[in-house]
Asks: 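Here you go, one structure.
In the text below, chain A, chain B and the rest are named by the order of the sequence lines, each starting its count at 1. Computed from a predicted structure; not experimentally measured.
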Amino acid sequence: MFWVDKLIKQLDGQTLQIVNDSKTPSGRAHVGALRGVIIHDTIFRALKEYGFEAHYTFGVDDYDPLDELPYSKYEQFQEFLGKPLCEVPAPDNTTSDMADYYISEFFSVFKELGVQVTTYRLRDIYRSGQFDATIDRILTKADQVRDIYRTVSGSIRPPTWLPIQMICEKCGRIGTTEAYAYDGQEVSYHCRPDMVTWATGCGYKGKGSPFSGRSKLPWKLEWVAKWANQGITIEGAGKDHNSKGGSRDVAVACLKQLFGKPAPLNIPYEFFLVEGAKMSSSRGIGVAARDMADFLPPEVLRFLMLRSQPNRPINFSPSEDAIVKLFNEFDRCQAAISKPNANPEILRIRRFSQVSRDPNAADIEYTIPGMQLIQALVQLPHLDVVTEVQRRNPRPFTDLEFKHLHRRIAAVKYWLEHYAEDSERLELQQELPDVASNLSDLQKDFLQRLSVALKDAVWEGNALQNLIFATSKLVPIPQPAAFSAIYIVLFGRVQGPRAGPLFSYLDRDFLMTRFNLKE
RNA sequence: GCGCUCUUAGCUCAGUUUGGUAGAGCAGCUGACUUUUAAUCAGUUGGUCGAUGGUUCGAGUCCAUCAGGGCGCACCA
C-alpha cells in the first residue's frame with residue numbers, strides 16, 4: 001500500500017485536518033526542502049480524496065534572525081546579522097526584503113508543481129498580535145518551559161531565562177537579546193555583544209512590551225504557538241528535528257503541558273541528498289529547488305519526491321544513467337494508467353505525481369518517446385526533434401503530448417548544459433576522433449566497405465540499417481564490433497543511437513568521407 | 001555521548017504495524033520479429049531475507065545481542 005494511504009488510515013475520525021509546513025527564507029531553498037512540501041501536499045490531496053475537510057498552510061519564518069550570509073559575496077550584509085530576515089534588504093533590491101526575495105523563488109516552484117497552499121508570514125502573525133496571548137502564557141509559565149527543556153532535552157537554563165527573543169529597540173537585532181524578567185506587561189532584556197558567535201549585539205539594556213511584533217518566540221516555542229493557535233493536526237518534519245530530545249520532542253511536550261493539546265501527527269522524513277559533494281562541485285550543480293524545477297518536468301520531480309517512502313533517504317544523481325532511469329521509471333508508471341491489471345500502488349504514485357490537483361483530471365494520459373531517444377536526437381545538429389519523433393510515432397501526437405514532449409526536450413537541453421559530463425555527451429565529431437586510431441583492421445575494412453556502399457544507398461532508416469548488417473557480413477565482422485566502429489568514428493564513444501535511422505538524419509557525403517579512413 | 005534508520009535476487013526497492021509455503025521493476029539469459037546497438041514482443045534463471053540466540057506448531061516479520069552502512073542531535077532554527 002502506498003505510504004500516504006497507510007498514513008491516513010492511522011488518523012482518528014476527526015473530519016477537519018490542517019496540514020502545515022514552514023520554511024525559513026535565509027537563502028535559496030535547497031531542492032531537499034521540496035521533499036517536505038511534496039509529502040505534505042500529497043497528504044493534503046489524499047485527505048481531500050478520502051473526504052476529509054483539509055487545509056494546507058505554509059508559514060514563512062521571516063522573523064528569524066539572519067544568522068549567516070547566504071553567499072560570501074554579500075559581505076555588505078554583515079551589519080544586518082542578527083536582525084529579522086524581513087528587515088534585511090534583498091540582495092538585488094528587486095523585492096522589499098531578503099525573506100520575500102528567497103521565499104518568492106521557492107513559491108514559484110510550488111506553483112509549477114501544483115502545490116496549492118495558504119501561505120502566511122510570521123512577521124504578520126507577530127505584528128498583528130495573533131501570538132500575544134500565547135506569548136503571555138508561555139512567558140508566565142516559563143518555569144515549566146525550563147523544566148521541559150531540562151527533562152526532555154537535558155539542557156539546563158538559568159532560572160531567569162525566558163523563552164523569548166526581544167527585538168532590541170536600539171539596534172533592531174533579535175538574535176542577540178537575552179530576556180531575564182517578565183512582569184506580565186513588559187520584558188527586561190539585554191542586547192549582548194557576546195550572546196552568539198554570528199552576530200554582535202549593541203549592549204543596550206532595555207525593557208518593553210513583547211507584544212505586537214516586538215519580540216519573537218524561539219523556534220521550539222514558535223512551533224508550539226503555531227500548533228496551538230492554528231489547530232494544526234498534521235505536520236511532518238525532517239530528521240534534523242526528530243532526534244530524541246530534539247526540537248520536536250520539546251515542542252510536543254510544551255504543547256501538551258502548557259496548552260493541553262495533543263501533538264499533531266508527525267511524519268518524520270529522511271533527507272533528499274544530491275550525489276556526493278565532490279561530484280556536485282565538479283558538475284557545477286546548482287541544487288536549489290528552483291534549479292531542479294527548471295530541469296525536471298514537474299510531474300517527474302513530484303514522482304522523484306514521493307515514490308520513496310518518507311523514512312528512506314533519496315539519493316539523486318544527475319548522471320546520464322540515473323536520469324535516463326528516472327524518466328524510464330516515470331514512463332513505466334505513466335504507462336500503468338492504461339494497463340488493466342496494473343499494480344495499484346504504482347497507480348497511486350502516478351496519481352499523486354500529476355500536477356493537476358483534480359484526481360480525475362484528463363490531462364494525465366499521454367505517451368511520449370523515452371529519454372534515450374530524445375537525448376540522442378537533441379544532440380544531433382540541424383535536426384528538428386519534434387518533427388523526427390512525430391515521423392516515427394504510429395499516430396499524430398495530441399496537444400497534450402506535444403506539450404510534454406517539448407518539456408522533455410527542454411529537460412535534455414538543461415541536462416546537457418548543466419550536468420552532463422563530457423563522456424556522457426553525444427557529440428557528432430567535426431573531425432575524425434583520435435580514438436579512431438585504435439580501430440582494428442577488420443573494423444577499418446568494414447567502414448571502408450560501408451563508405452562505398454552508402455554511395456547508392458536508399459536514404460531511409462531501415463534500409464540503411466539493413467545495409468549496415470549486410471556490409472558487416474561481407475567483411476565479415478561481428479556486429480557489435482561493426483557498430484562500435486561506427487560510433488567511434490562519429491562520436492568518439494562505443495555506443496550511440498540506432499545507426500540506420502541516425503544515418504538518415506546525416507549527410508551522405510559527410511558519412512562517406514568519415515568512413516573512408518584511407519583518405 | 002544520546003538517538004533514529006537501513007541491511008531481502010546482479011541493481012533499485014516492496015513485504016515487517018495485525019507471524020502462516022519469499023515479491024516487483026530493471027539488468028541477465030532464451031526465443032521471436034527475414035539478422036544482435038541504450039528497440040519491440042514472449043518466456044525464464046536467480047535470494048539459506050546481515051550474523052547469532054530466543055519466543056512459537058510455524059519467524060523476512062516479534063524479542064535480545066552483535067556486525068556493517070546512512071543520518072540526526074548536543075542549548076541554531
Asks: Measuring from atom CD1 of I148(A) to atom OG of S155(A), what distance do you get when rounded to the nearest 0.5 angstrom?
Replies: 11.0 Å
Asks: If I pick the P atom on rA51(B) and the same atom on rA67(B), what distance separates them, to the nearest angstrom?
Replies: 15 Å
Asks: Which whole number of Å gives the distance between the P atom of rG19(B) and that of rU56(B)?
Replies: 16 Å
Asks: Please list, by residue number, the residues of residues 305-312 of chain A whose heavy atoms come closer than 4.0 Å to an atom of RNA chain B; answer none if no residue qualifies.
Replies: Q309(A), N311(A), R312(A)
Asks: Parallel under 30°, tilted from 30 to 60°, perpendicular over 60°: which one fits the rings of F352(A) and F2(A)?
Replies: parallel
Asks: Using heavy atoms to find the nearest nucleotide of RNA chain B for E345(A) and N466(A) separately, return the residue whose nucleotide is more 5′.
Replies: E345(A)
Asks: With a cut-off of under 6.0 Å to the ring centre and 45° to the axis, is R248(A) in cation-pi contact with W223(A)?
Replies: yes
Asks: In whole Å, what is the span from the CG atom of D331(A) to the C1' atom of rA39(B)?
Replies: 14 Å
Asks: In terms of the angle between their ring planes, are Y126(A) and Y63(A) parallel, tilted or perpendicular, with boundaries placed at 30° and 60°?
Replies: parallel
Asks: Under a 3.5 Å cut-off for both contacts, is rU40(B) paired Watson-Crick or G-U wobble with anything, and if yes, with which nucleotide?
Replies: rA32(B)
Asks: If the P atom of rG28(B) is compared with that of rG70(B), how far apart are they to the nearest Å?
Replies: 29 Å
Asks: May I ask you to check whether R425(A) and Q379(A) show a side-chain donor-acceptor distance below 3.5 Å?
Replies: no
Asks: Checking side-chain polar atoms at under 3.5 Å, does Q144(A) have a donor or acceptor matched by the opposite partner on Q257(A)?
Replies: yes
Asks: rG10(B) pairs with which nucleotide, Watson-Crick or G-U wobble, both distances below 3.5 Å?
Replies: rC26(B)
Asks: Partner of rU55(B) by Watson-Crick or G-U wobble geometry, both contacts under 3.5 Å, or none?
Replies: none
Asks: When every nucleotide of nucleotides 68-77 of chain B is labelled 5' to 3' by its protein contacts under 4.0 Å (heavy atoms), B for base, S for sugar-phosphate only, - for none, what sequence of letters results?
Replies: --BBBS-BSB
Asks: Is a side-chain donor-acceptor pair under 3.5 Å present for W227(A) with E235(A)?
Replies: yes
Asks: Which value, in whole Å, describes the distance between the P atoms of nucleotides rG25(B) and rU45(B)?
Replies: 13 Å
Asks: Between atom CG in L304(A) and atom P in rC13(B), what is the gap in whole Å?
Replies: 12 Å
Asks: For K141(A), does the NZ atom have more than 12 heavy-atom neighbours from other residues, nucleotides or ligands under 6.0 Å away?
Replies: yes
Asks: Under 4.0 Å between a side-chain nitrogen and a carboxylate oxygen: does that hold for E87(A) and R127(A)?
Replies: yes
Asks: Considering every strand shown, what is the Watson-Crick or G-U wobble mate of rC4(B) when both distances are under 3.5 Å?
Replies: rG70(B)
